[in-house]
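Note sheet for the following structure.
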Amino acid sequence: MPGRARAVAILVGLALIVGGATLFLVFLKPMVAGRVRALARQRGLVASWQDMRIRLPSRFAFDRLVVTRVAGGDTVMTAAEIEARASMGSLLRFRPEISGLRMSRAEIRIGGRSASAADTLLDDAPTGRDDPERLARVRRSASSIAQMLTRSTRSLPGLGFDDVTIRPTAGADQLWGGVHIAALEHVPTRDGSRVVFDGTLLGASEIPFSGSLSRTRDLEVQGRIDLKIPNPDGGTPTPLRLTLDGALEQNRSQRTLALRDGAQAHVGELAFRLGGQVAERGPRFAFQLAADDLSEDKVKRSLPPAVLGPLTGLAVRGTWDYRLDVDLDLEHPDSAKFRADVIPHGLALDPQRSSLRLAGLDQPFIAAIHLPRDRIVHRDLSPANPHFRPLDAITNHLAMAVVTNEDGGFFRHRGFNVGAMQEAIGENLRSASFRRGAGTITMQIGRNLWLGHDRTLARKGQEVVLAWVLEHLTGLPKERLLEIYLNIIEWGPDVHGADEAAHFYFDRDAGDLSLEESLFLATLVPSPARWRNRLDGEGHVRRHIRAQMHFIGRAMIAKGWLAEDALPPTDELDVEIRGPARSILFPDADPEVAGAGPWFKRVWTSVTGGR
């Protein structure tokens, strides 16, 4: 009897275990599915999948997972398989929390949609409403990242990526093309953890990379990334290594994680001191970078030609230090701080060794103007060009309207507008999208004369460097920079410079434009290819463009550049298109193009293709 009773007890125990496990599975699957859908809804998303499987004790897998946005229905993520691991404690609390994740054959879209923001720096420009709901979603995502960083002290979360591609959202205005992660694996070690990865940076040129990041139990961190930068002239790619060496400091009561003093990063021979902090409250992210005794030789030995671009032709004497300080609090977007300083030590241009022409810009020269899609046109900035106009020959209304709309702080900054950058960061955070840029007129000169319009991080960095050099090392006064700008920028189809624009739209000289005509031309500069969209079917200025013209006029009044009684009411702001643009707007109502001059024939051909 005792043996039989023991057997019965074992069988009963097994039955209870099996029954309990079955009951647990019955409740677990819908609980996890509901939790996933709820988390998606909080972020304005919808999650669906072909199949879901439970793997005891705490793993669950999704096949053919698809995540879409509620607004618009566009796809945010697709994955052939995702396997997640939840902590047992969270399952017993009936609120599963992911403690590990493995993803295979997936594509992820990140970033908000752009509102086609130009590099316009007009203070308080009416660029659209803030989006509190989207900002709240961004804050939740950032909070998850902050919590992962500040609470994970012993090891990094369990991660595994296999064939995962991350790209910007379709239509977003981004400075990168995305990344393909061929493999990423978190590897536990005796003393901590290590992440190894390899993949490709996507864009106009693909850049293979590989690397690792390790962290000990004492929170010491080391990392490296090896990149193979394509050679612009073809041939073998140039290797570039980035390294990190430092230690972290955690404050559990404040829920922060900071880099300790002494953290360093190296890019080739370039050494940078690093600082930074992540705080759950906000969340808040701060980062500092400093470098001393930088020189031309060190930079050119450390950075490949493809990264430097036209800067390979820039030669300087002397050295410089660099400082960068960024502080973002998502709870208070308008408190964003951004500071970047160059501290020169005997720094000067070396014209004898420079192939990039920066000296002599105070004299007449032939401007090679870089346009989108790798097009280049030339304009003679001298009296030999009948459309070249010195600054004092361009109506002041037009010059100040363009400055107001494109770079209101032009006469105050030295190439890079830190205040405008902080305001742009705050506005973009509030809208949770890229809605406002912070490019300056000086940066646009660099883009138009040497860099072109490819939107990449390397090109943006080159643009900032050229703007600093133009303002600090060339000796050019602001008036000459503005004169060059107003004579090269695009205002329409093959229309470059203020006088070509004045003749193309109004059949008059750039020195004879009215206030209304000047305000209208200022609205064209951010997107000259869409000039016809500013006008209705009868050739009158559309209502929203009149509002923009009036806004620019009010800003000119606030700056003291326009008398208050000189600005007409919004409804009275209109222009009459009398130049060659009229023949493009109303081709059946005007005389034959054959009777026009050579400049208009060139414009007509560029617009119509010669038809």
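Going from atom CG of Leu213 over to atom NE2 of His186 covers 10.0 Å, rounded to the nearest 0.5 Å. For the atom pair CD1 (Ile229) and OG1 (Thr236), the distance works out to 14.0 Å, reported to the nearest 0.5 Å. The structure places CD1 of Ile441 at 5.0 Å from CG of Asp407, a figure rounded to the nearest 0.5 Å. The CG atom of Leu349 sits 6.0 Å away from atom CG of Leu358, with the distance rounded to the nearest 0.5 Å. Taken from CZ in Arg317 to CD in Gln352, the straight-line distance is 9.0 Å, to the nearest 0.5 Å. Going from atom CD1 of Ile181 over to atom OG1 of Thr200 covers 10.5 Å, rounded to the nearest 0.5 Å.
With respect to Asp163 and Arg105, no salt bridge is recorded, no charged nitrogen being found less than 4.0 Å from a carboxylate O. One finds no salt bridge joining Lys298 and Glu269 here, because no Lys/Arg side-chain nitrogen approaches an Asp/Glu carboxylate oxygen to under 4.0 Å. A salt bridge links Arg353 to Glu296: one of the charged nitrogens lies within less than 4.0 Å of a carboxylate oxygen. Electrostatic pairing of Arg215 and Glu220 does not count as a salt bridge here, judged by no charged N lying under 4.0 Å from a carboxylate O. Salt bridge Lys337/Asp325: absent, no basic N to carboxylate O contact under 4.0 Å. For the pair Asp292 and Arg273, the salt-bridge criterion is met [side-chain N within less than 4.0 Å of a carboxylate O].
Applying the 6.0 Å contact sphere to CG of Asp261 captures no more than 12 heavy atoms from other residues, nucleotides or ligands. Residue Arg357 places its CZ atom among more than 12 non-hydrogen atoms of other residues, nucleotides or ligands, all under 6.0 Å distant. Counted within 6.0 Å of CZ on Arg281, heavy atoms from surrounding residues, nucleotides or ligands total 12 or fewer; the atom is thus considered open.
Side-chain contact between Ile108 and Thr78 is absent, with no heavy atoms from C-beta onward closer than 4.5 Å. Taking 4.5 Å as the limit, some side-chain heavy atom of Glu185 sits within range of a side-chain heavy atom of Arg102. Annotation: side chain of Leu259 is in contact with side chain of Leu274 (closest heavy-atom distance under 4.5 Å). Side-chain contact between Val76 and Leu45: present, with at least one pair of heavy atoms (C-beta onward) separated by less than 4.5 Å. You'll find the side chain of Phe410 stays beyond 4.5 Å of the side chain of Thr440, heavy atoms only. Under the 4.5 Å side-chain criterion, counting only non-hydrogen atoms from C-beta, Val179 is not in contact with Leu202. Residues Leu242 and Leu227 are in side-chain contact: their nearest non-hydrogen atoms beyond the backbone lie under 4.5 Å apart. The closest side-chain heavy-atom distance from Leu184 to Val195 is below 4.5 Å.
Side-chain atoms of Asn251 and Ser253 form a donor-acceptor pair, as typed in the model, at a separation below 3.5 Å.
The two residues Ser302 and Pro304 have their closest heavy-atom pair at O-CD, 4.0 Å. Across every non-hydrogen atom of Trp561 and Gly408, the tightest pair is CH2-O, 4.3 Å. Residues Leu308 and Leu303 share a closest heavy-atom pair of CD1-O, 3.7 Å. The shortest heavy-atom contact between Pro168 and Gly177 is CD-O, 3.5 Å. What you find for Asp321 and His345 is that their closest heavy atoms are OD2-NE2, 2.8 Å. Of all heavy-atom pairs spanning Leu314 and Lys300, the tightest one is O-NZ, 2.9 Å.
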Please test Asp341 against Tyr322 for side-chain contact (heavy atoms from CB on, under 4.5 Å), starting from the C-alpha separation and ending with a verdict. CA-CA 6 Å; Asp341 290 319; Tyr322 182 71; over 6 Å; no

Run the numbers on Ile376 and Ile369 for side-chain contact (heavy atoms from CB on, under 4.5 Å), then give the verdict. CA-CA 5 Å; Ile376 297 179; Ile369 305 169; 5.9 Å; no

Go through the steps to decide whether Thr256 and Val278 satisfy the test side-chain contact (heavy atoms from CB on, under 4.5 Å), and finish with yes or no. CA-CA 6 Å; Thr256 63; Val278 177; over 6 Å; no

Given side-chain contact (heavy atoms from CB on, under 4.5 Å), test Leu244 with Arg224 step by step and report yes or no. CA-CA 6 Å; Leu244 169 67; Arg224 65 164 180 82; over 6 Å; no

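At least one donor-acceptor pair closer than 3.5 Å links the side chain of Arg260 to the backbone N or O of Leu248. Formation of a donor-acceptor pair under 3.5 Å by the Glu490 side chain with backbone atoms of Ser527 is not found in this model. In terms of modelled atom types and a separation under 3.5 Å, the side chain of Arg323 and the main chain of Ala291 share a donor-acceptor contact. No side-chain donor-acceptor contact under 3.5 Å links Thr312 to the backbone of Pro305. Put simply, the side chain of Arg375 gets close to the backbone of Pro372: a donor and an acceptor are under 3.5 Å apart.
Between His472 and Trp468, the ring planes are parallel. Angles under 30° get that label, and only those over 60° would be called perpendicular. Between Phe197 and Phe209, the ring planes are tilted. Angles from 30° to 60° get that label.
Within the structure, salt bridge (Lys or Arg N to Asp or Glu O under 4.0 Å) pairs that include any residue of residues 470-485 comprise Glu471-Lys478, Arg480-Glu483 (at least two apart or interchain). Each salt bridge (Lys or Arg N to Asp or Glu O under 4.0 Å) pair with one or both residues in residues 196-214, not counting sequence neighbours, would appear here, but there are none.
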